[in-house]
Amino acid sequence: MDNKVLCKEDCEEQKKYDEIRNVIDLYRGKEGCLIQVLHAAQKIYGYLPLELQRFIADALDLPFSEVSGVVSFYSFFSVQPRGEHTIRVCLGTACYVRGGKKLVEHIQKTLNVELGGTTSDGKFTFEVARCIGACGLAPAIMIDDVVYKQMTPTKLDALLAKFNERGGEK
Amino acid sequence: MHSIGSCRICVVEVEGARTLQASCITKAVDGMVIKTNSERVQKARKVLYELLMSDHNKDCLNCKRNTSCELQELGKTLGIEQSRFEGEQSSDPLDVSVSITRDLSKCVLCRRCVTVCNEVQGTGILSAQNRGFETVIGPGMDLPLGSVNCAFCGQCTVVCPVGALKETSSIEKVWAAINDKTKRVVVQVAPAIRVAIGEEFGLPAGTRVTGKLASALSYLGFDDIFDTNWAADLTIIEEGTEFLNRVKNALTGKKSVLPMITGCSPGWIKFIEHTFPDQLSHLSTCKSPHTMMGAVVKSYYADKLGLKPEDMFVVSVMPCTAKKFEIARDEMKNNGVPNVDAVITCRELGDMIKEAGIDFINLPDREFDAPLGMSSGAADIFGLTGGVMEAALRTVYELVTGRELPFDKLHVTPIVGLERIKEAIIKIENPLEQYSYLDGVEVKIAVTSGLKGARILMEQIAEGKSPYHFIEVMGCPGGCITGGGQPRSSDPEVREKRLKNLYDEDESKTIRKSHENPYIVSFYKEFLGEPNGHLSHELLHTHYVKRGKYNEHTDETFVLDFPKPEKSGVKTVKPSEPLGISDTFKTRSREELESVTILSLEAENKKLKSELEDTLETVDILKRVIADYVQGK
């Protein structure tokens, strides 16, 4: 039973790596293709762990330090698994003074997640953002691509509950 | 080659250009009008310097590079007498491997090490990681240097302008041994040291100071002053014999691996173990000269003195940082006792001589001690690119033909010089009877120094297209004369000067061929028996380990724990912790300084609150105890 599960996981892993290899084959030899490859690889794999970075370095014949240098330069790239949803609490000036930091604290407590971390159930990744340009709606948060206005801890609880339910339906 | 211009201290005003230009990377063109000392330039340079210093650990008095630091020198040149910009400093941990120590709190991000690692050596271990304020130079994903495929060549430690990259010091260990009266402390020096150590005391680049060097070692308190050169002669006999056997086997249809490649350079060895793990059989099985010396000291010489191997402490003075890694290898031990106990670089020896208050410049000349201090000229040139090959040819050619190597002053001209890859063909004609099978054979040789050249030759081998029979590889460009442990020189011709003077040292000797060294001849008679014999194999030969690019074939790493004193007064230095992979992510997610400050303040607040609670609880308990006591009374 366990073996079967393992095999299934391995096969999926293998499939992802094959897919990434195909992308690399498309780009190989083109100058400056590393970012595109990393972009595609993150889309396929979800994030860019050490092993995957090494795989890409070898396939493109680049030093590993160069690949990890690019990965760590751009905040878009992640080296840890990301949650299903990304919560970004705005800590621009307006949101900050209207209670953004309370939201940060609240999320850390209720979801038991560190800043930059992902919840243990893989549901949410928690980050803070610079000003997201919604100062009139302060304090604002974003979940994935949607902005939620004038957030309070209570409203936030209700919102997160909705996301959890939706996940439950899946 | 280094065209990054990141520090921008050298800015100048170019007429017509909107901003100041970094003069180190701006090409001069016809008609350009440049002001190098205008008010704007002067002010900008000072501000740039102060900004550079604002994120620098200014612990100069406790820094290895104190008074030999380019940043310090620059401050003096610019007339800086204040540092106006104080603020948060990036938290940069310390990373210590057996060979190289990285102290990133001192790094100025000039990226010279990145250039030397990527462009010169082609190893690509060091690169800029993270972004902006968080930028560090490192192997990526916060991996310690000792855990990755770094060859420990140490070229980065030579170009580092500050104390960020340096050899991991063994000075204390050596002093401890010297001061331990129960140990017989034997020291040996590599050939390249004698044309470099003088630079540590202000002598011109490449000055030959062999006699003073031996004197200084004696004054430092070593019991025996031996010369790695003696073991270099021994290496030639062993390696030459091994090569002849390989060629004989190949010609007579037996199993044989050619080309054979020299294995004296431990950085090169680590490189091939990581990069070409399937080609290790090409390496000569001979240990490097200084480990051979260690093995001989702890067997032959210990027997002579009536001492146990454990009572001997062997120190090697090497132009090399990788040698520190080499002696930590299991393969460089006999019966569990390491062949060599400590390696210090040329720079470290310079520091020890200064520490002991020895007036090096005015020392009288001294000879090395017998019997393991006498050597031929062939041994001297082990320290320069092409030298091991030439030394081997001097012996092998004469052994096979009975005639001297047919070159002017015995120098194999095609392999003399500093080019990346050199090659030559030596034709064997009219050999002695027992080597008749070699008649007419053309021996194809190649010599390379620097790992970029080594990679080219190895790729040929891996593809089965190598035309050569014998290859010499030295891990550092130019060979040991410009090794990673050699003095940092500002003389642009330092390589040429050290090279020339080491050839001069060779020519100054009466005996120029290893097999004519009488101490080698008698050593075989008295102890070893024959070259490549049973005892040789036990003591002087070894094997190597498949590692793989990501150490996939081995669990061995070379990271050291490092005791570092807690610094209470200096808020800029974060208590150093070994680098962990998880740090990267934490660091990266700190996009917003504000939030970090808030969070840390809150964490501290929380901590203080809980401490307060604890204290209150303790007070309560004490109150109760007192109450009980009073009642009881």
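To find a chain, count down the sequence lines: A is the first, B the second, and so on, and within it residues start at 1.
Within 6.0 Å of the CG atom in A:D144, the count of heavy atoms belonging to other residues, nucleotides or ligands exceeds 12. Around atom NZ of A:K155, more than 12 heavy atoms belonging to other residues, nucleotides or ligands sit under 6.0 Å away. In this structure, A:R98 places its CZ atom where only 12 or fewer heavy-atom neighbours from other residues, nucleotides or ligands lie under 6.0 Å away. By the 6.0 Å contact criterion, CG on A:D18 is enclosed, its count of non-hydrogen atoms from other residues, nucleotides or ligands being greater than 12. The 12-atom threshold is not exceeded at CZ of A:R21, counting heavy atoms of other residues, nucleotides or ligands nearer than 6.0 Å.
The shortest distance between side-chain heavy atoms of A:R54 and B:K549 does not fall below 4.5 Å.
Annotation: the span from A:F64 atom CZ to B:L143 atom CG amounts to 5.5 Å, rounded to 0.5 Å. In this structure, the separation between CD on B:E602 and CD on A:Q108 is 7.5 Å, given to the nearest 0.5 Å. Separating the OH atom in B:Y550 from the CG atom in A:L50 is a distance of 8.5 Å, to the nearest 0.5 Å. Rounding to the nearest 0.5 Å places CE of B:M141 at 13.0 Å from OG of A:S65.
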### Query
Between A:S68 and B:Q129, is a side chain to side chain contact (heavy atoms under 4.5 Å, CB included) present by the stated rule, with each step listed?
CA-CA 7 Å; A:S68 86; B:Q129 310 293 325; 2.6 Å; yes

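Listed options A:L62, A:D58, A:V70, A:V67 were ranked by heavy-atom pairs under 4.5 angstrom with chain B; first place goes to A:D58.
Neither the backbone nor the side chain of B:N149 comes within less than 4.5 Å of any heavy atom in chain A.
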